[in-house]
Amino acid sequence: MEKSKVLVVGGTGYLGRRIVAASLSQGHPTYVLQRPEIGLDIDKVQMLLAFKKQGAHLVEGSFSDLESLVRAIKLVDVVICPISGVHIRSHNILLQLQLVEAIKRAGNIKRFLPSEFGFDPARMGHALEPGRVSFDEKMVVRKAIQDAKIPFTYVCGAAFAAYFGGNLSQMGTLVPPKEKVLIYGDGNAKVSIVDEDDIAAYTIKTIDDPRTLNKTLYLRPPENELSQKQLVEMWENLIGKKLEHISISEEDFLASMKGMDYASQVGVGHFYHMFYEGALTNFEIGEEGEEASKLYPEVKYTRMN
């Protein structure tokens, strides 16, 4: 079967660049939106030129110019938009409404994958303020997609390994603690921690797969569905040393939000849902979804151990 042509919007971002690489490595004709807003960001310009050397096509377009988006979309079969939705980087979820309108006008897209990749927003109606904005805005985008009858796949369910693995899920750092580790509650809530390159590989696998059409793909590879305590034990075994475990209660953790800046408050809320509620894993995948590692056993995902 001929491989779908893919447009990645947000291709120089943290996950976007991995999705571009996965698309190229899986043999898809790959287009990357080159936005004039890039300005003097030399790292992004050089990244785009590196993609071009690897065989990607650069196509100009801007969220502020709908017709430019329509022209770019008409070149491809599939649009993937891993645009940032975390406040510590940038928060641009609702920009995708422009993309939805452009896809509707273009009329040729057989699959759209919007920015998801973390919590399933459809399961987060109870989420805490102010962090719930991420989920509410993703649901606004989903409604627009479904109202426009655009075929979709939502890829959900992972904590990014670089943000939650190497630091033993500690807030405010990306490196592991040397003496003391903060444990959320009893430390037994299960979290799905997935390597970002694997997230990209699974994402690209879905685009020509009829089994994922108008469905949610959950990133829950069984060997990476771990509690925080299991994660810490892995690290302790590796370094041959026991860290001091300091348990923080639900009440104390939420109280820590007071006086924090907005982005940090959002982060605390998301950590709460992940590590106290187990919101990435505390449900059975039903008819509306599929699990990535079951569908694509050929992806040899990086095990957390």
Side-chain angles (χ1 to χ4, degrees), residues 1-86 89-93 95-96 98-103 105-117 150-153 155 160-162 194-209 296 298-299 302:
M1 191 173 75
E2 196 175 322
K3 299 259 187 180
S4 286
K5 297 192 285 289
V6 180
L7 173 66
V8 184
V9 179
T12 59
Y14 179 68
L15 191 58
R17 60 183 182 261
R18 292 168 167 84
I19 287 174
V20 172
S23 180
L24 288 166
S25 73
Q26 291 183 36
H28 290 272
T30 304
Y31 295 71
V32 184
L33 194 71
Q34 180 180 336
R35 294 159 62 193
E37 293 83 357
I38 207 167
L40 299 178
D41 191 332
I42 189 71
D43 292 332
K44 289 189 174 182
V45 171
Q46 290 178 340
M47 200 185 301
L48 287 169
L49 293 173
F51 291 152
K52 192 175 177 183
K53 277 186 182 175
Q54 293 159 32
H57 308 275
L58 304 183
V59 53
E60 291 185 11
S62 171
F63 283 107
S64 60
D65 179 357
L66 193 63
E67 286 312 311
S68 72
L69 292 179
V70 173
R71 286 194 297 274
I73 287 162
K74 282 185 171 175
L75 299 171
V76 299
D77 309 301
V78 172
V79 177
I80 305 176
C81 185
I83 201 163
S84 179
V86 292
R89 295 176 74 88
S90 60
H91 186 82
N92 295 310
I93 295 299
L95 275 182
Q96 295 177 106
Q98 287 291 92
L99 208 48
V100 170
E101 181 60 30
I103 290 169
R105 288 197 192 185
N108 63 303
I109 291 303
K110 68 178 195 183
R111 198 83 65 102
F112 176 40
L113 285 72
S115 183
E116 296 268 352
F117 306 107
I150 295 167
F152 64 85
T153 299
V155 180
F160 290 4
V194 186
D195 180 272
E196 290 84 340
D197 290 330
D198 295 337
I199 293 173
Y202 285 130
T203 298
I204 295 299
K205 285 277 182 188
T206 67
I207 61 180
D208 283 327
D209 187 348
Y296 310 114
E298 66 275 16
V299 175
T302 304

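Only this structure's heavy atoms are used, side chains among them; waters, hydrogens and symmetry mates stay out. No experiment lies behind these values; they were computed from the predicted model shown.
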- Task: Please report the shortest heavy-atom distance between V32 and G11, naming the atom on each side.
- Result: CG1-CA, 4.0 Å

- Note on the structure: For V45 and G39 the tightest heavy-atom approach is CG2-O, 4.5 Å

Side chains of [X] and [Y]: closer than 4.5 Å at any heavy-atom pair?
X	Y	result
L7	I80	no
L66	R105	yes
T203	L15	no
F63	I83	yes
V6	V79	no
L113	F152	no
V100	I150	yes
Y31	L58	no

If only atom types and distance count, is the side chain of [X] paired as donor or acceptor with the main-chain N or O of [Y] below 3.5 Å?
X	Y	answer
R18	D198	no
K3	Q26	yes
Q34	G61	no

- Item | Evaluation steps, side chain to side chain donor-acceptor pair (under 3.5 Å), between Q96 and S115 | CA-CA 8 Å; Q96 295 177 106; S115 183; 4.9 Å; no

- Sole candidate of N108, V78, V9 that passes side chain to side chain contact (heavy atoms under 4.5 Å, CB included) when paired with I73: N108

- Message: Quick check on side chain to side chain contact (heavy atoms under 4.5 Å, CB included): which of V76, T30, L75 does K5 satisfy it with?
- Response: V76

Kindly compute the distance separating [atom1] ([X]) from [atom2] ([Y]), expressed to the nearest 0.5 Å.
X	Y	atom1	atom2	answer
M47	D41	CE	CG	8.0 Å
D195	Y202	CG	OH	10.0 Å
I19	L24	CD1	CG	12.0 Å
K52	L48	NZ	CG	10.0 Å
S25	I204	OG	CD1	8.0 Å
S23	F51	OG	CZ	10.5 Å

- Exceeds 12 heavy-atom contacts within 6.0 angstrom, atom CD of E2: no

- So, S4 versus D208: side-chain donor-acceptor pair below 3.5 Å or not? yes

- Message: Check E298 with K205, please: is the shortest side-chain N to carboxylate O separation under 4.0 Å?
- Response: yes

- Query: For Y14, is the NZ or CZ atom of R17 found under 6.0 angstrom from the centre of its six-membered ring and inside 45 degrees of the ring axis?
  - Reply: no

- Go through the structure and list residues passing ring pair (Phe, Tyr, Trp, His ring centres under 6.0 Å) with F112, not counting sequence neighbours. none

- Message: Among E67, E37, Q98, R35, exactly one meets side chain to side chain donor-acceptor pair (under 3.5 Å) together with S62. Which residue is that?
- Response: E37

